Enquirer: 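Starting off with a structure, shown below.
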Amino acid sequence: MPELPEVEVTRLSFADAIRGAIIEHVRLGKPLRWALGVDPRILYGQQVLEVRRRGKYLLLDLTDGLLLMHLGMSGSLAFRAELPLAGTHDHFDLITSQGGLRLHDPRRFGAVVFCLGEDDPRARKLLGGLGAEPLGDEFRVPDFHRALQGRRAPVKQVLLAGDVVVGVGNIYASEALYKAGIRPTVAAHRLGRVRVQRLHRAIREVLAAAVATGGSTLRNFSNVHGEAGHYQQQAMVYGRAGQPCYQCGSAVKTIRQGQRSTFFCPRCQRL
DNA sequence: AAAAGCCCCTGGATGC
DNA sequence: TGCATCCAGGGGCTTT
């Protein structure tokens, strides 16, 4: 579920509130994708210094370590002064002096992992291969172009892979390609400068717009206060198979790429 | 090195 | 109402 915009919206919704908090207790529910990796009591007494994001990972900087959090497909966080009794899918609680942070994740593809720092082998393994931050200055057209030149896979799948650019998931990949007028099936290396430039711009615009509207809420996503996002209402192609393209009226098509659905307009996205 | 498949897990929607 | 099937916002790991 959560792509970069949802993760960023989540981060923004509690970073200020938790900054400076002292961890008092940890409650673990059912196992997530990966184990925490340490005795939870290691966290007790540590202070939460900052909340950052790298791709779809949230990074909680602690006094003496780093907590990596991932929301997987169905995860969401809640942060409130007092956490209610844990429900069936509440699998991680971080009780602090300033409130409780809770991970709710029905499918349990999410994870919370403790690392000593970003140089910790565990952190390097998860973060080391990530591509450029699409909303950051390091995401530049020439680099993007060069990276795409080395890929023969369909551009949609290269975007999803996350080693060229991070944070673009299944919704925003389709949306960005639509905005750029590029067919999702085109081999990445066949894109010329102009197309790459358009795609670069489209990715940034789509992600920024999604953050601004609180992300997309398809099922359960909400920020830390339980507020849903609205970007799905302005999706041009995602989830609109068979419906008329807003620009040209052609029926939006859906195909399978790497066991994921892709949506595009056959007329507006010719190459 | 890159690409393609396979899984992990639960729940909701759809069809019979 | 019950049951089977398919699909879902991710991504690490293994195999080609």
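Bear in mind that the values here come from a model prediction, so they are computed numbers and not experimental data. Numbered from 1 within each chain, the chains take letters A, B, ... in sequence-line order.
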Enquirer: For C:dG9 and A:Arg260 - does any side-chain N or O of the residue sit under 4.0 Å from the phosphate oxygens OP1/OP2?
Expert: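 Yes, such a contact exists.
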Enquirer: Whole-Å distance between B:dC6 C1' and A:Met73 CE?
Expert: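 Going from A:Met73 (CE) to B:dC6 (C1'), I get 14 Å.
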Enquirer: Give A:Gly258 one of three labels, base, sugar-phosphate or nothing, depending on what nucleic acid heavy atoms sit under 4.0 Å from its own.
Expert: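 No contact.
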Enquirer: How many whole angstroms separate atom CG of A:Leu218 from atom C1' of B:dA13?
Expert: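 So the two atoms are 14 Å apart, to the nearest Å.
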Enquirer: Is it possible for you to check whether A:Arg240 lies under 6.0 Å from the centre of the six-membered ring of A:Tyr246, through NZ or CZ, and within 45° of that ring's axis?
Expert: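 Satisfied, under 6.0 Å and within 45°.
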Enquirer: Can you check the A:Asp163 CG to B:dA4 C1' distance for me, whole Å?
Expert: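 Checked: the CG to C1' distance equals 14 Å.
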Enquirer: Does OP1 or OP2 of B:dG11 have a side-chain N or O of A:His89 closer than 4.0 Å?
Expert: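 Yes, because at least one side-chain N or O of A:His89 sits under 4.0 Å from OP1 or OP2 of B:dG11.
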Enquirer: Counting neighbours of CG on A:Asp39 that are heavy atoms of other residues, nucleotides or ligands and sit closer than 6.0 Å, is the number greater than 12?
Expert: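 Yes, enclosed.
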Enquirer: Check every strand shown and say whether A:Thr217 touches a base, only sugar-phosphate, or nothing at a heavy-atom separation below 4.0 Å.
Expert: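 Contact class for A:Thr217: base.
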Enquirer: Pick base, sugar-phosphate or nothing for A:Tyr238, based on heavy-atom distances below 4.0 Å to the nucleic acid.
Expert: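 Since only primed, P, OP1 and OP2 atoms lie under 4.0 Å of A:Tyr238, the category is sugar-phosphate.
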Enquirer: Would you say C:dG10 has OP1 or OP2 under 4.0 Å from some side-chain N or O of A:Tyr172?
Expert: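 Checking A:Tyr172 against C:dG10: no side-chain N or O falls below 4.0 Å of OP1 or OP2.
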Enquirer: May I have the distance from A:His189 (atom NE2) to B:dA2 (atom C1'), rounded to whole angstrom?
Expert: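 Going from A:His189 (NE2) to B:dA2 (C1'), I get 12 Å.
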Enquirer: Quiz question: by atom type and distance under 3.5 Å, do the side chains of A:Tyr172 and A:Ser216 form a donor-acceptor pair?
Expert: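 Present: a donor and an acceptor within the cut-off.
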Enquirer: To the nearest Å, give me how far apart CZ (A:Arg108) and P (B:dC8) are.
Expert: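 About 12 Å, once rounded to whole Å.
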Enquirer: Does a side-chain N or O of A:Ser261 approach OP1 or OP2 of C:dA8 to a distance below 4.0 Å, or not?
Expert: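 Checking A:Ser261 against C:dA8: at least one side-chain N or O falls below 4.0 Å of OP1 or OP2.
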Enquirer: Under 4.0 Å between a side-chain nitrogen and a carboxylate oxygen: does that hold for A:Glu133 and A:Arg53?
Expert: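 Salt bridge between A:Glu133 and A:Arg53, a charged N being under 4.0 Å from a carboxylate O: yes.
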Enquirer: A:Arg107 or A:Trp34: which one's nearest nucleotide on DNA chain C is closer to the 5' end?
Expert: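 Of the two residues, A:Arg107 wins.
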Enquirer: Give the rounded distance in Å between these two atoms: CG of A:Leu159 and P of B:dA2.
Expert: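 It works out to 16 Å between those atoms.
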Enquirer: Can a side chain N or O of A:Lys56 be found less than 4.0 Å away from OP1 or OP2 on C:dG11?
Expert: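 Answer yes for this pair, as a side-chain N or O of A:Lys56 is under 4.0 Å from OP1 or OP2.
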Enquirer: Do the side-chain N or O atoms of A:His70 get closer than 4.0 angstrom to the phosphate oxygens (OP1, OP2) of C:dG11?
Expert: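 For C:dG11, OP1 or OP2 has a side-chain N or O of A:His70 closer than 4.0 Å.
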Enquirer: A quick test of your reading: do over 12 heavy atoms of other residues, nucleotides or ligands sit less than 6.0 Å from CZ of A:Arg193?
Expert: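 Enclosed.
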Enquirer: I want to check one thing: is the phosphate of C:dG12, taken as OP1 and OP2, less than 4.0 Å away from some side-chain N or O of A:Arg33?
Expert: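 A:Arg33 to C:dG12 OP1/OP2: no side-chain N or O under 4.0 Å.
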Enquirer: Return the pairing partner of B:dC9 with a 3.5 Å limit on both distances, Watson-Crick or G-U wobble; otherwise return none.
Expert: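 Base-paired to nothing in any strand shown.
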Enquirer: Between P on C:dG10 and CD on A:Gln259, what's the gap in Å once rounded to a whole number?
Expert: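 Rounding to the nearest Å, CD of A:Gln259 and P of C:dG10 are 13 Å apart.
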Enquirer: Using the rule for Phe, Tyr, His and the six-membered ring of Trp, do A:Phe109 and C:dG10 stack at under 5.5 Å and under 30°?
Expert: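 Whether judged by distance or by angle, A:Phe109 passes, so it stacks on the base of C:dG10.
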